[in-house]
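Hydrogens, waters and symmetry mates are skipped; everything else that's a heavy atom, side chains included, is used. Chain A is the first sequence line, chain B the second, and so forth, proteins listed ahead of strands; every chain is numbered from 1.
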There are 2 protein chains.
Amino acid sequence: MLRNGDDPDIPPVATGSHIDAIPYSGKYDGVVGVLGAIEAVNALRRSGFKPKRSLEVILFTSEEPTRFGISCLGSRLLAGSEPLADALKGSVDGQNVSFFYAARSAGYAHDQDNLSSVFLKKGSYSAFLELHIEQGPLLEEEGTSIGIVTAIAAPASIKVDFEGNGGHAGAVLMPYRNDAGLAAAELALAVEKHVLESGSIDTVGTVGILDLHPGAINSIPSKAHIEIDTRDIDEKRRNSVIEKIHHSAITIAKTRKVKLSEFRIVNQDPPALSDESIIKAMEDASEELNLTRKLMISRAYHDSLFMARVSPMGMIFIPCYKGLSFILPFVVSLDLFLLQC
Amino acid sequence: MLRNGDDPDIPPVATGSHIDAIPYSGKYDGVVGVLGAIEAVNALRRSGFKPKRSLEVILFTSEEPTRFGISCLGSRLLAGSEPLADALKGSVDGQNVSFFYAARSAGYAHDQDNLSSVFLKKGSYSAFLELHIEQGPLLEEEGTSIGIVTAIAAPASIKVDFEGNGGHAGAVLMPYRNDAGLAAAELALAVEKHVLESGSIDTVGTVGILDLHPGAINSIPSKAHIEIDTRDIDEKRRNSVIEKIHHSAITIAKTRKVKLSEFRIVNQDPPALSDESIIKAMEDASEELNLTRKLMISRAYHDSLFMARVSPMGMIFIPCYKGLSFILPFVVSLDLFLLQC
């Protein structure tokens with residue numbers, strides 16, 4: 001709670017983001033939405049503005065799926081998810097550290113049977129706002145100052161494992177092989193094919209992880225693990241792509257005589273719509289600030305996707321260098337947006 | 001030197017193999033050729049046999065390319081290679097430990113400018129023999145006891161790097177991507193295609209290593225590294241496959257707008273032929289032992305490939321479970337083969 005409002009009876013306005021980031025992703029990803037939030041509240045304080053509603057800054061934990069394989073862990077829990085609270089009881093990271101050990105080490109989760117105590121009630125906030133870099137090239141290319149997010153695309157992630165017999169790269173002749181690595185390579189290309197065939201620019205699909213076992217130059221891969229990320233603003237179209245990917249995985253396994261030992265949809269979230277009144281507030285504020293603006297879809301997903309389940313939600317995008325997490329010189333005016341809420 | 005011969009003026013007969021192995025490869029790979037050699041010499045000693053030629057057992061270091069990226073490091077050096085001796089001056093492992101530091105830690109290579117002191121002169125040995133598991137399924141399937149190797153296929157290894165712009169898996173739309181991972185997946189499948197198109201059962205090609213960077217589910221791969229192993233008993237045919245793979249790498253990079261930042265042929269060794277008199281000795285011994293035998297090609301390569309450069313060479317294969325490094329119950333009779341040499 002950074003700033004108390006005049007009227008303690010109406011729910012606060014919250015803003016914030018996360019400070020973790022995927023490897024080599026640059027330094028602005030969620031950080032700008034946290035530091036920007038703190039600075040915005042401070043700027044309002046310095047200006048003498050007395051808000052009617054209290055203002056809160058939230059720093060979400062584990063927005064990235066890098067450690068426990070679950071994205072937006074903090075905001076998902078805040079938004080209330082019993083299945084997630086249950087799943088976390090058995091979750092470990094790559095070094096076999098349990099989620100609860102990690103949480104306790106950071107000073108949280110003293111009672112692992114009571115994770116639901118963090119669930120937010122619907123209406124806990126009057127509004128939730130998140131400032132974020134676009135993570136795409138559009139604002140930069142068009143020279144537009146502000147992106148007003150109208151919806152967040154629906155993400156899904158899938159883990160796939162193929163298993164074959166492996167063997168020595170020299171000794172096992174081609175007809176005797178069932179190469180798990182080539183099955184994975186084929187599936188990676190099939191993901192791209194199905195995404196492109198959706199016919200919509202809004203469908204994307206990515207294989208960001210592809211691990212071969214044992215991973216030696218003279219070993220035919222006996223196991224291959226791939227992780228697929230696919231998103232769309234149309235949930236039905238995205239789910240149809242997932243079905244096609246699943247079908248391809250089955251066909252490839254059959255043709256290459258490898259075992260499809262896992263095809264697991266880790267998460268398959270619905271899209272979220274920004275709140276109309278927050279969109280209007282953002283439009284008014286950018287008008288007042290003389291900033292060019294663009295209504296746009298967030299194709300990356302954010303803590304806002306989950307906060308939208310318990311609060312009216314809005315997001316402000318700012319341009320970034322070549323779609324990467326490198327911000328362009330730009331005056332962040334989150335304070336003015338907060339003022340409108 | 002395990003056994004002195006009666007005539008010190010004629011070069012010894014050597015036998016041996018290696019004890020390192022690729023990850024998860026089973027426990028018999030080179031080990032059986034080292035322990036088998038020691039036991040064979042002991043058995044001859046116990047039997048009271050007095051050899052004319054001295055018998056030596058050799059344990060080669062680093063047959064596998066796993067640590068410094070160079071296969072058969074020990075036997076390559078013994079066979080005499082100035083370029084390799086030079087290259088090792090700058091070689092480091094995955095933990096940035098230099099080859100010379102590692103060698104010194106193991107009690108070797110006190111003078112890094114004098115690696116050529118280990119080079120063997122041609123004729124240092126009357127014969128070199130290696131006992132090894134087949135690492136293929138043929139002997140097991142046919143129920144044949146002994147494989148007599150007539151030639152070792154010519155191996156080549158290639159390292160390839162693709163580079164793209166990466167970006168966020170949600171935010172960068174498909175037409176704006178240049179995905180280094182998909183380029184690598186395409187090349188892996190192209191390796192298989194070119195190998196199959198050679199039309200010969202003797203051509204093999206494998207992608208055992210495929211690494212994506214940054215390797216996160218929500219990141220488009222900005223870098224991909226693959227390592228290719230290709231072999232043939234026909235050097236010219238193998239080199240033509242390498243040329244086609246190179247051509248594919250260039251075409252894929254162009255089509256996918258990624259950079260082919262490396263296409264490096266790490267080694268491209270010629271095949272080796274076993275010595276006629278050693279083949280004859282092996283045939284005679286298996287006849288005497290009443291063992292079924294099969295003349296065959298070694299499609300995996302071995303320290304023998306390099307020992308053949310300085311000595312008459314022969315190899316004995318024994319069956320192994322499903323072509324893997326799991327030996328079948330079998331009485332190893334290397335002593336009788338040594339007796340024939």
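Residue pairs meeting the salt bridge (Lys or Arg N to Asp or Glu O under 4.0 Å) criterion with at least one partner in residues 192-214 of chain A, sequence neighbours excluded, are A:Glu192-B:Arg256, A:Lys193-A:Glu197, A:Asp202-A:Arg299.
Per-residue heavy-atom pair counts under 4.5 Å with chain B were compared for A:Gly69, A:Gly205, A:Ser298, and the maximum is reached by A:Gly205. Taking A:Ile220, A:Ile217, A:Thr206, A:Asp229 one by one and counting their heavy-atom pairs under 4.5 Å with chain B, the maximum is reached by A:Ile217. Between chain B and the residues A:Leu210, A:Asn218, A:Thr203, the largest count of heavy-atom pairs under 4.5 Å involves A:Asn218. Chain B forms the most heavy-atom pairs under 4.5 Å with one residue out of A:Met174, A:Glu186, A:Glu227, and that residue is A:Met174. Per-residue counts of heavy-atom pairs under 4.5 Å with chain A were compared for B:Leu187, B:Leu173, B:Leu138, B:Asp232; the largest is that of B:Leu173. When B:Ala153, B:Gly215, B:Pro155, B:Ala224 are compared by the number of non-hydrogen pairs under 4.5 Å with chain A, B:Gly215 comes out ahead.
Neither the backbone nor the side chain of A:Ser222 comes within less than 4.5 Å of any heavy atom of chain B. For A:Ile228, the part lying near chain B is the backbone, with the side chain staying farther off; criterion is any non-hydrogen pair under 4.5 Å. Using a 4.5 Å cut-off between heavy atoms, A:Val195 contacts chain B through its side chain alone, with no backbone atom that close.
The distance from the SG atom of B:Cys320 to the NE2 atom of A:His168 is 10.5 Å, given to the nearest 0.5 Å.
Residue A:Ile201 comes nearest to B:Pro175 through the heavy atom pair CD1-CG, 3.5 Å, listed as atom of the first residue, atom of the second, then distance. Across all their heavy atoms, B:Ala169 and A:Val204 have their closest contact at O-CG2, 3.5 Å. The two residues B:Ala185 and A:Ala188 have their closest heavy-atom pair at CB-CB, 4.4 Å.
The number of heavy atoms from other shown groups lying within 6.0 Å of CZ (A:Phe263) is above 12. Within a 6.0 Å sphere centred on CD1 of B:Ile19, other residues, nucleotides and ligands contribute 12 heavy atoms or fewer. At most 12 non-hydrogen atoms from other residues, nucleotides or ligands lie less than 6.0 angstrom from NZ of A:Lys259. Atom NZ of A:Lys244 is surrounded by more than 12 heavy atoms from other residues, nucleotides or ligands within 6.0 Å.
B:Phe60 is linked by a ring pair (Phe, Tyr, Trp, His ring centres under 6.0 Å) to B:Phe128, counting only residues two or more places apart in sequence or in another chain.
Side-chain contact check for B:Val172 versus A:Gln135: every heavy-atom pair is 4.5 Å or farther apart. At least one side-chain heavy atom of B:Leu189 sits less than 4.5 Å from a side-chain heavy atom of A:Leu182.
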